[in-house]
Amino acid sequence: MKYAAAWADIACEVLETPYPYGTAHTSQGPDDVDVTPDRLHPAFHGSYDWHSSAHMQWSLVRLLTLAPDQVGRRPIEVLNQRLTPAAIATEAAYLRERPSYERPYGWAWAAMLAAATRKTQWADALTPLGDVIADLVLAWLPKQAYPVRHGVHLNSAFALALLHEAYGELGRADVVEAIRVRALEWFGGDTAYDTRFEPSGTDFLSPALSEAELMRRVLPATEFAGWLANFLPGLGQDAHQHLLEVPVTDDSGDGQLAHLSGLALSRAWQLRTIAPALPDVADILRAGADRQIDAVLPTVTDGDFMSTHWLVSFALLADQA
């Protein structure tokens, strides 16, 4: 794997960078004000925030799985320090006490981490976290009347796609089915989606492509091909061309503007996964994905911390699609 060593190095580096850190902690009272990152989140500190710490640890597990001979011992040492039974028990209790914390984006990445570790030495430690998130998902989905369709953390389709994958791997058919049902209710009837206003200024997700990637997972292949043709008519031909082009990116250290580099990578991942459903334009979609990956690859390892603390995970999604 071409970038395994460099991606593992930067993932370890940012996970071992304690500050800046955004806790997003809501104090429950005057005695609940100690927000020292490693005390509050013994597993998911570093890497700027809870969800980034979770998915950069997922990145290390994936790299250890894909290229163990290239990444060395350091990722194992980092994960051994974080993914202990005691640390994960603290994280699981925190989520139970605050059932909307990191919903749904952080949930999705933490579940992906639990799934990625299921055949590793960390599997038993992560099981309680995966179980808590499963319970939270099952309680949340019936109450969420409408999907969130914008291009940042609360996007419903992106999170459900990752949760669907994670709980499929973890053998939780109940969670997978709940996601399938909700996805069909929310998105099954969508047609002629208007992408003219993508992206918004701080997007790291395409609402249109995130929805398409979710529906790819929950529909049979033949049904998905028809759904996609109706949802994004003309994709790869005379419409939606901007989804195939490199967005304007910024590596100045502005955390919100840095999202646009992630947008390039998430688009690339999703274009690659949906391309087989449109065989007449599949090569065009893949070429658009390649352009976007090539444009932001240097930022993944050599950019400002506001880029490097999270981009490896999206690069991995794109690289492995």
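None of these values were measured; they are calculated from a predicted model.
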Other than Leu263, what residues sit in its cluster of Ile, Leu, Val, Met, Phe, Trp and Tyr side chains whose heavy atoms are under 4.5 Å apart, directly or through others?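 Traced through the cluster, Leu263 reaches Leu260.
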According to the interplanar angle, ranging from 0 to 90°, do the rings of [X] and [Y] count as parallel (below 30°), tilted (30 to 60°) or perpendicular (above 60°)?
X: Trp50; Y: His41; answer: perpendicular
X: Phe314; Y: Trp310; answer: perpendicular
X: Phe158; Y: Trp109; answer: tilted

Is a side-chain N or O of [X] found less than 3.5 angstrom from the main chain of [Y], in a donor-acceptor match?
X: Arg182; Y: Leu141; result: yes
X: Arg82; Y: Gln57; result: no
X: Arg118; Y: Ala115; result: yes
X: Arg180; Y: His164; result: no

For the pair Asp319 and Lys2, find out whether any cationic side-chain nitrogen is under 4.0 Å from an anionic carboxylate oxygen. no
Will you find, in the side chains of Thr36 and Asp34, an N or O donor that is under 3.5 Å from an N or O acceptor?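 A pair is found: one side chain offers a donor N or O, the other an acceptor, under 3.5 Å apart.
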Distance-only donor-acceptor check, side chains His259 and Thr202, under 3.5 Å: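 The criterion, which ignores hydrogens and geometry beyond distance, is not satisfied for Thr202 and His259.
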Which pairs with one or both residues in residues 7-31 pass salt bridge (charged side-chain N to carboxylate O under 4.0 Å, His left out), sequence neighbours excluded?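 Applying salt bridge (charged side-chain N to carboxylate O under 4.0 Å, His left out) to every pair that reaches into residues 7-31, excluding sequence neighbours, yields Glu16-Arg74.
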From the list Leu209, Leu160, Leu162, side-chain contact (heavy atoms from CB on, under 4.5 Å) with Leu214 holds only for Leu160
